[in-house]
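What follows is one structure encoded as structure tokens, with my remarks underneath.
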Amino acid sequence: MPLDVSPPISLDLWQDSLQWQPNSTQMRQFQAFYGTVVAANQTLNLTRITSPQDFWEKHLWDSLSGIAPWLGDLAQVTHFRVVDIGSGAGFPGVPVAIARPDWSVTLLEATRKKVTFLETLPPILNLDNIRPCWGRAETYPNSEPRFDLALIRAVGKAPLCITYGLPLLRSGGHLVLYRGQWAIAEENDLVKHLKRQGAFLEDVRSFQTPLSQSQRHCLLIKKD
Ligand SMILES: C[S@@+](CC[C@H](N)C(=O)[O-])C[C@H]1O[C@@H](n2cnc3c(N)ncnc32)[C@H](O)[C@@H]1O
């Protein structure tokens, strides 16, 4: 049976939840990405999330929640240099690159077979602002320019993600940590940890996902 790639999140729901909605080109790119991940998944085992509802909500929508501060205001920050650390099958970096075609997004991934998959995406999605990169965050070359924004989802606990993310940022750059649940007790420890690392917690944004009404949190960290 052909895969149903029709979007289960209506434009109104995008608008209500993120104050942003994809245009028709972006919608086609999301659909093509879904089809490509599901097809590749049969041999590469990229993700367990494959149903349309889960894919659109837990992968596409969730990826974009992390850049909510920059979604509505396209004029404000153009040409951001972004790194997605531990991108896996391209989350959150690929949806972010689709939503912000004026940004350039490096997809840093330690597993070669996943990078090989990411390398197939630009012509299929008609997406020229992603740069798949095989490597580990902790050995990313110092000679490379630093990033304006680092995104990190499902790679490890918050302190580890901070250790990976901060060295890749320019001074004044932002790190976004995607978390499901987030408790104030964790926050107190994190604030102390960040201070020692030369950074601070600028915001904790909580979201309700648009289809299953689950809780999500995104931590916005700024490097001094
Ligand atoms: C659980 S997957 C999450 C993938 C994706 N971020 C997502 O949210 O679906 C974690 C990924 O991070 C990669 N990874 C783990 N440690 C890494 C590191 N130090 N540098 C780069 N990639 C790393 C793994 O190879 C794996 O693909």
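Read the numbers this way: they start at 1 and go in the same order the structure lists the ligands and their atoms.
By the 3.5 Å distance cut-off applied to N or O atoms, Asp84 is not counted among the residues near ligand 1. In terms of polar-atom proximity, defined here as any N/O pair under 3.5 Å, Ala137 does make such a contact with ligand 1. Considering backbone and side-chain atoms alike, His59 places every N or O at 3.5 Å or more from each N or O of ligand 1. By the 3.5 Å distance cut-off applied to N or O atoms, Pro92 is not counted among the residues near ligand 1. For Gly86, a nitrogen or oxygen atom sits less than 3.5 Å from a nitrogen or oxygen atom of ligand 1, counting backbone and side chain alike.
Atoms of ligand 1 lying under 4.0 Å from at least one heavy atom of Tyr164, given by number and element, are 19 (N). Of all atoms in ligand 1, numbered sequentially from 1 with element shown, those under 4.0 Å from a heavy atom of Ala110 are 21 (C), 22 (N), 23 (C). Set against the non-hydrogen atoms of Glu109, the atoms of ligand 1 under 4.0 Å away are 11 (C), 12 (O), 13 (C), 24 (C), 25 (O), 26 (C), 27 (O).
Nearest-residue assignment for atom 10 (C) of ligand 1 (options Gly88, Ala154, Cys161; heavy-atom criterion): Ala154. Selection from Lys114, Arg136, Arg153, Lys113 by nearest heavy atom to atom 26 (C) of ligand 1 gives Lys114.
Open room surrounds CG on Asn126; 12 or fewer heavy atoms of other groups in view lie less than 6.0 Å from it. Heavy-atom neighbours of Arg112 CZ from other residues, nucleotides or ligands within 6.0 Å: above the threshold of 12. Sparse packing is recorded around NZ of Lys157, with 12 or fewer heavy atoms of other residues, nucleotides or ligands lying under 6.0 Å away.
Using a 4.0 Å cutoff on heavy atoms, Gly135 counts as a contact of ligand 1. Under a 4.0 angstrom heavy-atom cut-off, Val155 registers as being in contact with ligand 1.
The CG atom of Leu168 sits 9.0 Å away from atom CG of Asn142, with the distance rounded to the nearest 0.5 Å. Rounding to the nearest 0.5 angstrom, the gap separating the CD atom in Glu138 from the CD1 atom in Ile85 is 9.5 Å.
Residues Phe91 and Phe55 bring their aromatic ring centres within 6.0 Å. Between Trp61 and Trp56, the ring centre distance reaches or exceeds 6.0 Å.
Counting protein heavy atoms only, atom 19 (N) of ligand 1 is closest to Glu138 OE1, 2.8 Å. Of the protein's non-hydrogen atoms, Phe91 O, 3.1 Å is the one closest to atom 5 (C) of ligand 1.
In Ser87, the part holding a heavy atom less than 4.0 Å from any atom of ligand 1 is the backbone.
For Arg216 and Phe207, the positive end is not near the middle of the six-membered ring at less than 6.0 Å and at most 45° from its axis.
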Side chain to side chain donor-acceptor pair (under 3.5 Å) between Gln208 and Ser214, worked out: CA-CA 5 Å; Gln208 210 172 40; Ser214 314; over 6 Å; no

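Under a hydrophobic-cluster definition in which Ile, Leu, Val, Met, Phe, Trp and Tyr are linked whenever side-chain heavy atoms come within less than 4.5 Å, directly or via other members, Leu108 and Leu149 are assigned to different clusters.
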